[in-house]
S.K.: 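Just dropping this structure here.
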There are 2 protein chains.
Amino acid sequence: MSDNSIPKIVISRLPVYLRALSRMINKGQLVTSSHELGKALGISSAQIRKDLSHFGEFGKQGTGYQVEFLITQLSQILNLDREWEVAVIGSGDIGHAITRYQGFADRGFRVSVIFDSDPQKVGSYINGLEVMHASQIVKVLRERNIQIAMLAIPAEYAQKVTDTVVDAGVRAILSYAPISLNVPDHVRVSYIDPVTHLQSMTYYLSTEQDLMSQPL
Amino acid sequence: MSDNSIPKIVISRLPVYLRALSRMINKGQLVTSSHELGKALGISSAQIRKDLSHFGEFGKQGTGYQVEFLITQLSQILNLDREWEVAVIGSGDIGHAITRYQGFADRGFRVSVIFDSDPQKVGSYINGLEVMHASQIVKVLRERNIQIAMLAIPAEYAQKVTDTVVDAGVRAILSYAPISLNVPDHVRVSYIDPVTHLQSMTYYLSTEQDLMSQPL
DNA sequence: GGATGTGAATCCGTTCACAGCT
DNA sequence: AGCTGTGAACGGATTCACATCC
């Protein structure tokens with residue numbers, strides 16, 4: 001049943017479903033079930049059915065889900081039935097890796113412009129893309145109506161650059177800088193900070209184990 | 001009050017608190033409050049107090065929290081009062097960026113070994129670290145008793161490599177491969193997939209806005 | 001006065017379990 | 001028989017609001 005306001009956490013799982021479904025299609029699998037999908041993802045089948053039920057009735061009782069149909073539906077829901085242009089800010093190691101990462105293009109995103117403030121880097125090419133000077137951000141993003149930016153810059157510049165890209169019309173930011181950003185309500189932010197992931201995992205790594213497993 | 005089993009979601013917020021507190025210390029700030037911290041992070045003050053209360057009473061009524069003291073406490077809780085060695089598997093763009101990323105060393109993690117299966121890359125140096133052949137994974141990780149691995153490899157190899165590092169004694173995995181991994185119960189996994197972040201943000205980017213903001 | 005720590009209340013998300021369809 | 005879709009039950013997390021202490 002199509003609901004009014006869908007929980008953020010549900011939305012965040014849809015791309016994960018999509019990822020798994022894509023793998024199935026690539027393997028030639030045509031049909032799946034909430035059970036199978038759940039097992040592959042470590043999620044309960046009830047949750048998957050409930051999540052999908054927010055948007056419609058995509059399955060057939062007794063049968064399951066047509067993989068391709070479900071992919072189409074999820075893609076539409078997530079506005080992925082188009083290509084999104086993305087700007088990368090920062091051409092250091094991370095910006096470099098992002099710009100060359102094939103995974104974006106494969107899944108609906110095109111890095112179409114990259115900026116840096118270092119004159120040494122401006123004018124160089126990454127993945128066939130010329131690095132532009134940061135002073136051009138507002139002009140270029142507005143011209144091309146780019147709404148997504150990825151920040152691959154040090155924490156100390158992150159808020160200022162955020163303000164700039166927001167001013168340029170960006171409405172979604174994926175930041176690799178390890179700092180919480182302030183943005184207006186109409187802008188979404190996601191963070192990628194590998195260290196926070198590691199730091200929460202070490203909570204569960206009791207030091208004792210260290211002593212047990214000796215070098216052989 | 002120190003509780004028995006602390007919710008995962010609480011643990012996952014502690015590194016974020018730590019990040020913010022570190023910035024405060026760097027700015028010379030000695031004292032903060034749940035209010036201030038919450039505002040900086042976009043979290044309610046009650047939540048911060050409740051989270052911390054799982055582990056002890058770290059604040060002073062009427063005053064707030066000593067920043068440095070709180071950092072010390074959180075670091076201990078998360079087992080960060082030591083250095084953790086990390087193995088990177090895969091020396092492509094992502095592995096390269098990870099290995100050179102200063103943020104790990106600054107926050108308690110040392111990338112101390114890197115592997116690749118491509119003979120072309122084995123023997124080359126990244127950040128002063130020689131790339132070793134993947135066939136050495138089990139031997140080296142066991143010898144050095146390394147318990148954390150970061151996977152920077154294509155999805156199709158991810159499960160096999162996961163099995164290998166688990167066999168080698170790894171108990172925490174941070175994977176950059178866009179696929180859900182199967183691991184035994186005693187192993188923790190976190191995922192970094194920028195595309196899933198982008199894909200959930202585009203849900204909120206209605207296409208209409210496109211038409212409004214014309215190129216000028 | 002001001003900020004913590006915490007039971008109580010509320011809100012939200014997950015799981016249960018089953019009716020209903022194929 | 002098998003699997004979906006879903007109200008109901010459950011469990012957990014967040015917020016409230018206040019007693020408590022500096």
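As the structure is a prediction and not an experimental result, all values here were calculated from the model. Labels below follow one simple rule: chain letters A, B, ... track the order of the sequence lines, proteins then strands, and each chain is numbered from 1. Any value given below was found using the heavy atoms of this structure, including those in side chains, with hydrogens, waters and symmetry copies removed.
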S.K.: Which one, D:dT4, C:dG5, D:dT14, comes nearest to the side chain of B:Ile9?
M.R.: D:dT14
S.K.: Atom CZ of A:Arg49 and atom C1' of D:dC3: how far apart are they, to the nearest Å?
M.R.: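 Nearest whole value for this atom pair: 7 Å.
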S.K.: Taking atom types as modelled and ignoring hydrogens, do the side chains of A:Asp51 and A:Tyr17 form a donor-acceptor contact shorter than 3.5 angstrom?
M.R.: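 Side-chain D/A pair, A:Asp51 to A:Tyr17: present.
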S.K.: Got a sec? Which of residues 30-45 of chain A come in under 4.0 Å of DNA chain C, heavy atoms?
M.R.: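 Under 4.0 Å from DNA chain C: A:Ser44.
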S.K.: May I have the distance from A:Lys8 (atom NZ) to C:dT14 (atom P), rounded to whole angstrom?
M.R.: 13 Å
S.K.: Under a 3.5 Å distance rule, please check whether B:Gln159 uses its side chain to pair with a backbone N or O of B:Asn182 as donor and acceptor.
M.R.: yes
S.K.: Taking OH in A:Tyr191 as the centre, count heavy atoms belonging to other residues, nucleotides or ligands within less than 6.0 Å. Is the count above 12?
M.R.: yes
S.K.: Of the candidate nucleotides D:dT15, D:dA8, C:dT6, which contains the atom at the shortest distance from the side chain of B:Ser53?
M.R.: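 Ranking D:dT15, D:dA8, C:dT6 by closest atom to the B:Ser53 side chain puts C:dT6 first.
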S.K.: Among residues 58-78 of chain B, which ones have heavy-atom contacts with DNA chain C below 4.0 Å?
M.R.: B:Phe58, B:Gly59, B:Lys60, B:Gln61, B:Gly62, B:Thr63, B:Gly64, B:Tyr65
S.K.: Between D:dT15 atom C1' and B:Asp51 atom CG, what is the distance in whole Å?
M.R.: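 Going from B:Asp51 (CG) to D:dT15 (C1'), I get 12 Å.
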S.K.: What's the CD-C1' distance between A:Gln47 and C:dC16, to the nearest Å?
M.R.: 13 Å
S.K.: Enumerate, atom names and distances included, each donor-acceptor pair closer than 3.5 Å involving a side-chain atom of residues 92-99 of chain B, sequence neighbours excluded.
M.R.:
residue, atom, partner, partner atom, Å
B:Asp93, OD1, A:Arg100, NE, 3.4
B:Asp93, OD2, A:Arg100, NE, 2.7
B:Asp93, OD2, A:Arg100, NH2, 3.4
B:Thr99, OG1, B:Gly95, O, 2.6

S.K.: Side chain to side chain contact (heavy atoms under 4.5 Å, CB included) between A:Ile146 and A:Val165: does it pass, once the steps are laid out?
M.R.: CA-CA 10 Å; A:Ile146 291 176; A:Val165 299; over 6 Å; no
S.K.: Using whole Å, what does the distance between atom P of nucleotide D:dG5 and atom CZ of A:Phe55 come to?
M.R.: 13 Å
S.K.: Decide side chain to side chain contact (heavy atoms under 4.5 Å, CB included) for B:Thr202 and A:Phe109; before the verdict, give the C-alpha distance in whole Å, the side-chain angles of both, and the deciding distance to 0.1 Å.
M.R.: CA-CA 10 Å; B:Thr202 53; A:Phe109 298 89; 3.7 Å; yes
S.K.: Would you say the side-chain atoms of A:Trp84 pair up with the backbone N or O of B:Leu198, donor to acceptor, closer than 3.5 Å?
M.R.: no
S.K.: For C:dT14, does either OP1 or OP2 sit under 4.0 Å from a side-chain N or O belonging to A:Arg13?
M.R.: yes
S.K.: Let me know the distance between NE2 of B:His54 and P of C:dG7, rounded to the nearest Å.
M.R.: 11 Å
S.K.: Can you tell me the distance, in whole Å, between the CG atom of A:Leu52 and the P atom of D:dT4?
M.R.: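 Checked: the CG to P distance equals 9 Å.
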S.K.: Starting at atom NZ of A:Lys50, determine the distance to atom P of C:dC18, rounded to an integer number of angstrom.
M.R.: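 Going from A:Lys50 (NZ) to C:dC18 (P), I get 15 Å.
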S.K.: Are B:Leu14 and B:Ile77 close enough, and set up right, to give a side chain to side chain contact (heavy atoms under 4.5 Å, CB included), and what steps lead you there?
M.R.: CA-CA 9 Å; B:Leu14 301 186; B:Ile77 293 164; 3.9 Å; yes
S.K.: Under 3.5 Å, side chain of A:Gln66 to main-chain N/O of A:Glu68, donor-acceptor pair present?
M.R.: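 Judged by distance alone, no pair lies under 3.5 Å.
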